[in-house]
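Beneath this line is the structure, given in structure tokens, with notes to follow.
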Protein chains: 2
Amino acid sequence: MPERDSTRRVTLDDVAQRAGVHKATVSRALDPATAGLISDETVRRVREAASELGYVPNIVARGLRKKASMTVGVVIPDLTNPFFPPIVRGIEDHLQPRGYTALIANTDGDDAVEEAQFTTLLGRRVDGLIVATGRHGDQPVLERAHEAGVRAVMLNRDAGSLPYPLVTGDDATGITAAVEHLHGLGHRDVVHIAGPLDLSTSIVRADAFRIAIAAHEGMRGSVVEASALTVSAGRESMEAVLADGSPTAVVASNDLIALGVLRALRAHGLTCPGDVSVVGFNDMPFAEDVQPPLTTVHVPTTEMGAEAARMLLRQIDGERQDHARVVLPVSLVVRGSTGPAPR
Amino acid sequence: MPERDSTRRVTLDDVAQRAGVHKATVSRALDPATAGLISDETVRRVREAASELGYVPNIVARGLRKKASMTVGVVIPDLTNPFFPPIVRGIEDHLQPRGYTALIANTDGDDAVEEAQFTTLLGRRVDGLIVATGRHGDQPVLERAHEAGVRAVMLNRDAGSLPYPLVTGDDATGITAAVEHLHGLGHRDVVHIAGPLDLSTSIVRADAFRIAIAAHEGMRGSVVEASALTVSAGRESMEAVLADGSPTAVVASNDLIALGVLRALRAHGLTCPGDVSVVGFNDMPFAEDVQPPLTTVHVPTTEMGAEAARMLLRQIDGERQDHARVVLPVSLVVRGSTGPAPR
DNA sequence: TTGAAAGCGGTACCAT
DNA sequence: ATGGTACCGCTTTCAA
């Protein structure tokens, strides 16, 4: 049972006293990098004392002294969006072995929230940032970060004019593959439901869509902008599309929008892929279990997170990589939501 | 552009110098609780200097002095399991306004990993723990935490003999409702695919299943233990069940297992709910979009997280709540995966 | 090889 | 109302 005040923890001094040496000696003995300076016998005694007392070094105090909090801020729109958990795990699993801990900040796509979250992260003196919420126009938070000299890596959305490196999936190729696939199935009239067009990914995907359509004689494509990358926004957009004549296929900017499209189709008594084929983007978890199994562009989310973590660690280690871009390959996964064009 | 060393940040002393006062005065002026001690004029000057310099207090340094890291460890099996993101957001959204940050630790159900994660959290001197990985037998980590005097709240799985409070859904009622529902549809032969029976939730649900079955004349139920709460484990268990005669309905211990059951049915050319009805548990995100839309027990995950955060904060504020239990109501959501018993 | 002391960026107590 | 100072737990010179 705990004899002392419940919040009192073992410190270096406690260990030092027990081992009969100075706390500086304990510090050296316990750090593999400096243990060589200390006599074997002392190291042994210190280790013993430390383990007897259950000593766990205070990372916070160490960080204060070393000017390294050993934390990394991860800024995302919403952890509840199934796209992000795999990314976060990719990040965490790569940070962990190096002693870094991720601080997750959800912004809900709200600038004011993002500002507040960023201030919190600054207050915690994060050693770096992984940002997955970049907008295309003003990015006040990113600029603040840059001015404050905070290292950062962008994930999936670019940093505008800022020199932060970027990790992304090969969006253009993915969209192109989707359009090719639909073309091969005989579709000639297809709609792209884009995400908000102030997001760099949405823009890239919409542009790729237009180019891919233009590359095919006789294909017609139009772009509709959804108000958000959500199921409900996708559904609303699709309702609008259905209101003035139905296309034979839809390419959605992400899987959530695709789910919204599927719901809208169902509500209108239309079948997928019988009446309308649907292609998603991201291959989110359980995309294969939906109704019908979603044809979508697989994005290596965990690897994206891992790569972002790697790049950030390199930056922290002093490597410069201004404007670096890592583009990860994507692949079309054909499942049940696409089929031959009707009639 | 940053003139100084990129990692140099503004400190209290910088602000003090600029405002022409002592740093202790700045500290007081900036803390609403003590600003009253300082003359209005000084407070004004200090605030001005702080904002001109873009001063952001170092929470880490403050924490060292105040012996409060303002962090909370959240220990979960896997963020990638769709059950957890809503919980985590419920926690974070409640911690945020009080200035606490959540540190997420994934254990992947591995004791060694859990130990390591716990040590990291101890090293970061978390002010409390929310633990969603409790096993039923030995819980070495929890015991270490208890001995170290760490406050904690259990989420969804109990703490054994330890006095930590628990937040959970009303599992027994949920399972009972599922069985009633199936009974009403004419099912008489139903299998429960339980999670690993060293998890307290699995035990509670399996027990409730047996009791509910026994309450209905002429109903037969058997319990099969899955090796994990995953899709693949669910599928394997269902394969085994199908190997020796098929029930008309399955109650799964969670939605992932239910998805595995659906996959197994599909693989065997059986239809749901035509041949076999399936009930899940948790109502995870997009459960309504799967094939077929999943009948499942809705659990208020976000509220569970929020409640756990609340209870932890109360504990941090000094309130005792040993062995407290908060049981949140659940409700059966009937969708497409259940139907009348065949023949 | 080890000890002493300063300092990281704050807070809080004691003076004035 | 404000300044001075010690201290939180650790690392890192500088001495011995």
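Protein chains get the first letters and strands the later ones, always in sequence-line order, with residue 1 at the start of each.
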Which protein N or O atoms sit under 3.5 Å from an N or O of nucleotides 12-16 of chain C?
residue: C:dC13; atom: N4; partner: B:Arg28; partner atom: NH2; Å: 2.6

When we call it a touch if two heavy atoms are under 4.0 Å apart, what does A:Val60 touch: a base, just sugar-phosphate, or nothing?
nothing

Please check the phosphate of C:dT11 (OP1 and OP2 only) for any side-chain N or O of B:Lys67 closer than 4.0 Å.
no

Using C1' atoms of five pairs at each end, report the bend of the helix from C:dT1-D:dA16 to C:dT16-D:dA1 rounded to 10 degrees.
50°

Sequence-distant partners of [X], side chain to side chain donor-acceptor pair (under 3.5 Å), two or more places apart:
{"X": "A:Glu115", "value": "A:Arg144"}
{"X": "B:Thr71", "value": "B:Ser69"}
{"X": "A:Asn58", "value": "none"}
{"X": "B:Thr42", "value": "B:Ser39"}

Of all residues at least two apart in sequence or in a different chain, which pass the ring pair (Phe, Tyr, Trp, His ring centres under 6.0 Å) check with A:Phe83?
none

Mind checking ring pair (Phe, Tyr, Trp, His ring centres under 6.0 Å) for A:Tyr100 and listing every partner two or more places apart, or none if nothing turns up?
none

Going by the salt bridge (Lys or Arg N to Asp or Glu O under 4.0 Å) test, which pairs reach into [range], not counting sequence neighbours?
{"range": "residues 120-132 of chain A", "result": "none"}
{"range": "residues 36-47 of chain A", "result": "A:Glu41-A:Arg44, A:Glu41-A:Arg45, A:Arg44-A:Glu48"}
{"range": "residues 68-91 of chain B", "result": "A:Asp78-B:Arg89, A:Arg89-B:Asp78, A:Asp108-B:Arg89, B:Arg89-B:Asp93"}

Please determine if A:Asp317 and A:Arg151 form a salt bridge, counting it only when a charged side-chain N lies under 4.0 Å from a carboxylate O.
no

Toward the 5' end of DNA chain C, which comes first, A:Val21 or B:Arg62, by nearest nucleotide?
A:Val21

5'-most to 3'-most nt of DNA chain D touching chain B (<4.0 Å, heavy-atom partner on protein side) reads D:dA1 to D:dG9

